Student: 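Before I ask anything, let me first share the structure, which is written out below as structure tokens.
Owing to the predicted nature of the structure, the values given are computational and were not obtained by experimental measurement.
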Amino acid sequence: MTSMTSMAPAVTAKRLLEEYGRTHAEEAGIRLRNTPAPLYQLLTLCVLFSVRIRADIAVAAARELFAAGLRTPRAMTAASWQDRVDALGRAHYRRYDESTATALGAGAELVLDRYGGDLRRLRDEAGGDPDRIRELLQEVPRIGPVGADIFCREAQGVWPELRPAFDGRARHAAAELGLPKTATGLARLVTAEDLPRLAAALVRIELSKGAAADLRETG
């Protein structure tokens with residue numbers, strides 16, 4: 001049996017895409033495009049991920065918020081705080097529901113006031129600089145380095161200047177699997193449109209040691 005670490009990197013990358021390459025945006029029902037609504041929905045998802053909570057619960061909470069019509073910053077601010085709490089509660093987003101409801105409201109107000117509800121203006125303000133984009137994202141309540149990394153990892157499919165976006169967790173998983181250790185090296189393994197999926201797959205591997213073992217055993 002050929003081990004995962006001895007497989008050709010391109011083959012390993014292909015398997016990662018096939019078995020683990022679903023982005024969080026896809027799971028949350030976001031059809032990510034470079035337009036205001038889906039970009040804001042991705043930001044909302046990143047807010048939900050920015051606390052110690054299971055990924056499936058964060059995704060479920062995003063789906064509940066979107067099902068309640070809270071898909072734009074204007075809709076988010078128009079909803080009551082209790083509406084947001086109730087949507088989070090339906091997804092069992094416990095402990096953080098009240099503080100997150102507050103953060104979502106404040107973040108929506110910031111996006112409206114500073115960017116007119118359009119995160120492409122954040123991109124313009126950053127001048128296309130990835131580091132500055134991350135800095136501006138972290139001005140949104142609750143978004144820290146992890147949330148900014150998630151946003152950039154997912155948005156690199158529609159904001160080319162973010163490519164290649166592979167955070168420390170993704171690069172560590174890549175090294176464990178015998179893949180290139182650098183973002184540039186990883187980017188050579190897949191097409192530009194598959195970069196978000198490869199990054200997502202590597203993070204899943206990093207967060208689940210069992211998944212890494214499974215890949216090695218079936219390599």
Student: Which pairs count as side-chain hydrogen bond (donor to acceptor under 3.5 Å, both in side chains) when at least one residue sits in residues 29-52, sequence neighbours excluded?
Tutor: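 Passing the test, one end in residues 29-52: N34-W159.
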Student: Please give me the minimum heavy-atom distance between L45 and A58, naming the atom from each residue.
Tutor: CD1-O, 4.1 Å
Student: Within this structure, what is the CE-CG distance for the pair M76 and L65, rounded to the nearest 0.5 Å?
Tutor: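 That separation rounds to 5.0 Å.
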Student: For a salt bridge (charged side-chain N to carboxylate O under 4.0 Å, His left out) check, start with the C-alpha distance between D97 and R84, then their side-chain angles and the critical distance, and finish with the verdict.
Tutor: CA-CA 8 Å; D97 53 349; R84 296 192 291 269; over 6 Å; no
Student: Contact between R188 and P9 at the side-chain level, heavy atoms closer than 4.5 Å - yes or no?
Tutor: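 With C-beta onward as the side chain, the pair stays apart.
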Student: Are R153 and V203 side-chain neighbours, meaning at least one heavy-atom pair lies under 4.5 Å?
Tutor: yes
Student: Looking at T182, is its backbone amide N or carbonyl O close enough to the side chain of R171 to form a donor-acceptor pair, meaning the two atoms are under 3.5 Å apart?
Tutor: no
Student: Could you check if a side-chain atom of E206 sits within less than 4.5 angstrom of a side-chain atom of L202, using non-hydrogen atoms only?
Tutor: no
Student: Report yes or no: does R163 contribute a side-chain atom to a donor-acceptor pair with the main-chain N or O of Q156 at less than 3.5 Å?
Tutor: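 Present.
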Student: Are Q82 and D86 close enough, and set up right, to give a side chain to side chain contact (heavy atoms under 4.5 Å, CB included), and what steps lead you there?
Tutor: CA-CA 6 Å; Q82 190 61 54; D86 290 345; 2.8 Å; yes
Student: For the residue pair A75 and L70, what are the closest heavy atoms and their distance?
Tutor: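 A75 and L70 have their closest heavy atoms at O-CD2, 3.5 Å.
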Student: For the CD1 atom of I205 and the CG atom of L179, what is their distance to the nearest 0.5 Å?
Tutor: 10.0 Å
Student: Do F151 and V140 come close enough that some side-chain heavy atom pair is under 4.5 Å?
Tutor: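 No, too far: nothing below the 4.5 Å cut-off.
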Student: Has the side chain of R204 got a donor or acceptor atom that lies under 3.5 Å from a matching backbone atom of R22?
Tutor: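 Looks like yes, one N/O pair under 3.5 Å.
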Student: If you look at every heavy atom in A37 and T72, which pair is closest and at what distance?
Tutor: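 Between these two residues, the closest heavy atoms are CB-CG2, 4.4 Å.
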Student: Heavy-atom distance under 4.5 Å between the side chains of L16 and L177, does that happen here?
Tutor: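 In contact.
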Student: List the atom of R63, the atom of A28, and the distance in Å for their closest heavy-atom pair.
Tutor: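 Taking R63 first and A28 second, the nearest heavy atoms are CG-O, 3.6 Å.
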Student: Please check if L112 and F66 belong to a single hydrophobic cluster, counting links between Ile, Leu, Val, Met, Phe, Trp and Tyr side chain heavy atoms closer than 4.5 Å.
Tutor: no
Student: Does V158 belong to the same Ile/Leu/Val/Met/Phe/Trp/Tyr cluster as L195, with side-chain heavy atoms less than 4.5 Å apart forming each link?
Tutor: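 Unlinked, V158 and L195 end up in two clusters.
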Student: So, does Y96 use its side chain to make a donor-acceptor pair with the main chain of I53 at under 3.5 Å?
Tutor: no
Student: Any chance you could measure D131, atom CG, to L136, atom CG, to the nearest 0.5 Å?
Tutor: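 One finds 11.0 Å between CG of D131 and CG of L136.
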Student: Does V146 belong to the same Ile/Leu/Val/Met/Phe/Trp/Tyr cluster as L43, with side-chain heavy atoms less than 4.5 Å apart forming each link?
Tutor: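 Same hydrophobic cluster.
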Student: Is I133 close to E161 at the side-chain level, that is, under 4.5 Å between some pair of heavy atoms?
Tutor: yes
Student: Indicate yes or no: at least one non-hydrogen side-chain atom of L137 is less than 4.5 angstrom from one of C152.
Tutor: yes
Student: Transitively linked via ILVMFWY side-chain contacts under 4.5 Å: L122 with L39?
Tutor: yes
Student: Any idea which heavy atoms bring E64 and A91 closest together, and the distance?
Tutor: CG-CB, 4.0 Å
Student: Does E154 reach the main-chain N or O of A25 with its side chain, forming a donor-acceptor pair under 3.5 Å?
Tutor: yes
Student: Rounded to the nearest 0.5 Å, what's the gap from NE2 on H172 to CG on D167? Could you check?
Tutor: 12.5 Å
Student: Between R197 and T23, is there a donor-acceptor pair closer than 3.5 Å when you use the side chain of the first and the backbone of the second?
Tutor: no
Student: Are any non-hydrogen side-chain atoms of L189 and P180 less than 4.5 angstrom apart?
Tutor: yes
Student: Look up atom CD in E109 and atom OG1 in T77, then write down how far apart they are to the nearest 0.5 Å.
Tutor: 6.5 Å
Student: Does one hydrophobic cluster hold both F166 and F49, with members joined at side-chain heavy-atom distances below 4.5 Å?
Tutor: no
Student: Would the number of heavy atoms belonging to other residues, nucleotides or ligands and lying under 6.0 Å from CZ of R74 be above 12?
Tutor: no
Student: Which heavy-atom pair separates P196 from E193 by the least distance, and what is that distance?
Tutor: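 Taking P196 first and E193 second, the nearest heavy atoms are CD-O, 3.5 Å.
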Student: Does any pair with a residue in residues 110-131 pass ring pair (Phe, Tyr, Trp, His ring centres under 6.0 Å), and if so which ones, sequence neighbours excluded?
Tutor: none
Student: Closer than 4.0 angstrom, basic N to acidic O: yes or no for R132 and E135?
Tutor: yes
Student: Checking the side chain of R114 only, and the main-chain atoms of R121 only, is there a donor and an acceptor separated by less than 3.5 Å?
Tutor: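 Absent.
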